[in-house]
Amino acid sequence: MVGDSLMATGSRGRRGRLAAPRRLLGSWSLWELPRRGLIGYLLLVDAAAFAATAYLFVLRPPAPSSLLPFSALLAGMILSSELSRSVERSRADTRLGAGLDAAWIFAGALLLPPALAALLVVVSAGYRWFRIRRGIPHRQVFAASATMLSALGTSIIPVLLGAPPFADATRDFESFALVFATGLVFLSVDAALAAPAAEFGAEPSGFAFDAAMVAFGLLLAWSAVDWPFVTVVLAGALVVLHRAGTMRALRGHAGTDSGTGLLTASSWMDGARTQFDLLRGRGADLSLLMLDLDHFARLNDQHGRHVGDDVLRAVADTLRAEVRAADLVGRFGGEEFVVLLPGTSRFDAHAIAERIRLRISSTFVSLGGTFAGATVSIGVSSHPAGGETLDRLVGAADQALRAAKGAGRNRTVVFDAEEPV
C-alpha cells in the first residue's frame with residue numbers, strides 16, 4: 001500500500017538496496033554527532049542497559065509464576081497504548097521514552113523480577129517504533145535504555161534493602177515510603193541519564209506528566225495485587241484521561257496543520273514572535289530555516305497527490321526528529337516549511353540545515369518496488385544580521401531560499417547582509 005513504508009536510508013541516494021542491518025546502523029545520525037564523547041556515552045548507556053538485563057536474567061531467572069503478571073501487564077500496556085495511538089502520535093516523546101506505557105512499566109518494576117521489568121521496556125519500545133512513531137533510531141534506543149536502567153533500579157531497591165516484594169508487603173506507611181522512594185528513583189535515574197544527552201535533542205517533556213504516570217503505575221500494581229478487577233477500571237480511566245488531557249493540550253496549543261501535524265503558518269508566526277521578542281531582549285542567538293521541496297509539482301504529476309502527501313508527512317517527521325523540542329517547526333503552506341532555532345548561531349544553523357537537507361534527500365516513500373522521494377532547498381537567516389524584527393528575519397531566509405533554488409536547488413544558502421545573496 002502506498003505510504004505504508006517510510007524509511008530514512010541516510011545513504012546519499014541508495015534506495016533501500018543495502019542489507020537491513022547495514023542500512024539501520026550505517027544511517028544512524030548518531031555517527032554525525034559533533035562530539036565523540038557524547039557518542040561514547042550514548043553507546044555506554046545502551047550497552048549497560050542490555051548487559052545488566054542479560055546478567056539479571058542469568059543471576060535471577062524469572063520464576064514461571066511471574067510469567068502470568070508479566071503477560072497481564074504486557075497485554076494491558078499494549079491495549080491501552082493502542083487505544084491512545086492517535087493522540088500519542090500527536091505529542092512529543094516523553095523523557096521516559098514510553099509515554100502512556102510508563103505507568104505499566106513502573107507497575108512492572110514493582111511487581112516483576114528485574115529482568116522481566118526491563119523486558120517490558122523493550123517490548124514497549126518495539127511497539128512504539130512499529131505502531132506509534134519512528135523517530136531517529138539512536139534516540140529511541142537511548143530512551144529505551146535509560147528507561148530500562150530506571151526500571152532495573154526500581155526493581156532492585158527492595159532486594160538491596162531486604163524488604164519484602166511489593167505483592168507481599170503490608171499496606172502501611174513504611175511500605176508507602178519505600179514505594180514513594182522507588183518512584184523517585186525511577187524518575188531520577190532517567191533524568192540523570194538524559195541530562196548529558198540533552199544537546200542531541202533529549203529534552204524532557206515535563207516532570208509532571210512522568211510523575212503522573214508513575215502514580216498511576218503504583219495504583220495499577222496495587223490493584224493488580226489486592227483487587228485485580230479494579231485494574232481494568234484504572235486502565236480505562238488512564239486511557240480516557242490521557243486522551244482527554246492530550247487533546248485539550250493540543251487544542252490549547254497553537255493550531256496544527258492536518259496534513260503534517262506541524263504548526264500552521266499563522267500559529268508558527270505567533271509562537272515565533274513570542275520567542276523572538278524574548279530572546280532579542282536577552283541578546284541570545286537566534287536563527288531561522290526556510291525549506292522548500294524541489295520540483296514538488298512534478299512529483300505530484302508523476303505519482304499523484306496521495307504520494308505527494310506521504311512525502312510531505314515524511315519530511316515533517318524528519319524535521320521533528322532532527323530538531324530539539326524547544327525549536328519551532330511549521331508548515332508555511334504548500335511544500336514550504338520553516339524552523340525557528342532559539343539559541344543557535346548562524347554557523348550552527350548552517351550545520352543543522354545541511355544535516356536536515358541530507359537526511360531528507362535520503363528519505364523515500366515506498367511505492368511497492370519503487371520509491372518516491374524529494375530534495376529541499378534551504379535558506380538560513382540569523383539575528384541580528386538577518387534583521388531586527390521577525391518579519392525581516394523571515395524575509396532574509398526567504399531571500400536566501402530563492403537564491404538556493406536559483407543556484408540549482410538541493411543546497412543551503414545563508415543570508416549575509418554584507419554580501420549579496
Side-chain angles (χ1 to χ4, degrees), residues 45 48-77 80 94-98 100-125 143-194 207 210-228 230-231 234-235 238:
V45 171
F50 287 95
T53 301
Y55 176 73
L56 288 170
F57 261 113
V58 176
L59 182 67
R60 299 187 63 200
S65 59
S66 61
L67 296 180
L68 180 60
F70 172 79
S71 301
L73 289 171
L74 179 61
M77 180 181 71
S80 61
T94 67
R95 177 173 58 217
L96 291 172
L100 188 67
D101 295 356
W104 297 95
I105 291 171
F106 183 68
L110 294 177
L111 296 175
L112 301 174
L116 283 184
L119 182 58
L120 201 64
V121 179
V122 175
V123 176
S124 168
S145 299
T147 309
M148 288 171 68
L149 292 175
S150 301
L152 289 173
T154 301
S155 298
I156 291 173
I157 286 178
V159 178
L160 296 178
L161 297 178
F166 179 83
D168 300 330
T170 56
R171 304 297 181 241
D172 54 16
F173 179 79
E174 183 178 349
S175 297
F176 172 77
L178 177 61
V179 172
F180 185 81
T182 59
L184 291 179
V185 169
F186 187 75
L187 294 167
S188 301
V189 168
D190 184 86
L193 291 172
F207 187 84
D210 298 342
M213 291 299 100
V214 168
F216 249 106
L218 169 59
L219 294 177
L220 289 171
W222 187 2
S223 64
V225 172
D226 292 345
W227 204 355
V230 176
T231 306
L234 285 174
L238 176 62

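For reference, positions follow the sequence shown, starting with 1.
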Minimal heavy-atom distance between Asp101 and Ser124, with the atoms involved, is OD2-OG, 2.7 Å
Could you give the distance from CZ (Arg60) to CG (Leu116), rounded to the nearest 0.5 Å? 10.5 Å
d(Trp104 CH2, Leu74 CG) to nearest 0.5 Å is 10.5 Å
Per-pair distances, 0.1 Å, donor-acceptor, side chain in residues 154-170, under 3.5 Å, sequence neighbours excluded:
residue	atom	partner	partner atom	Å
Thr154	OG1	Ser150	O	2.9
Ser155	OG	Ala109	O	3.0
Ser155	OG	Ala151	O	3.0
Thr170	OG1	Asp172	OD2	2.9

To the nearest 0.5 Å, how far apart are OG1 in Thr231 and CG in Leu73? 8.5 Å
Less than 4.5 Å apart, side chain to side chain, heavy atoms only: is that true for Leu110 and Trp222? no
Identify the heavy atoms of Leu238 and Ala103 that sit nearest to each other, and give their distance. CD2-CB, 3.9 Å
Donor-acceptor pairs under 3.5 angstrom involving side-chain atoms of residues 176-185: please list them, not counting sequence neighbours.
residue	atom	partner	partner atom	Å
Thr182	OG1	Val179	O	2.5

Mind listing the side-chain donor-acceptor pairs of residues 62-70 below 3.5 Å, one per line with the distance, residues two or more places apart or on another chain?
residue	atom	partner	partner atom	Å
Ser66	OG	Ala63	O	2.6

Between the CG atom in Leu218 and the CG atom in Leu234, the distance rounded to the nearest 0.5 Å is 10.5 Å
Nearest-0.5 Å distance that lies between atom CG in Asp190 and atom CG in Asp210: 7.0 Å
Can you tell if the side chain of Thr53 reaches within under 4.5 Å of the side chain of Leu152, non-hydrogen atoms only? yes
Correct closest heavy-atom pair for Met77 and Leu120 would be CE-O, 3.8 Å
Taking every non-hydrogen atom, the tightest pair across Ala49 and Met148: O-CE, 3.8 Å
If you measure from CG on Leu220 to CD1 on Ile105, what distance do you get to the nearest 0.5 Å? 12.0 Å
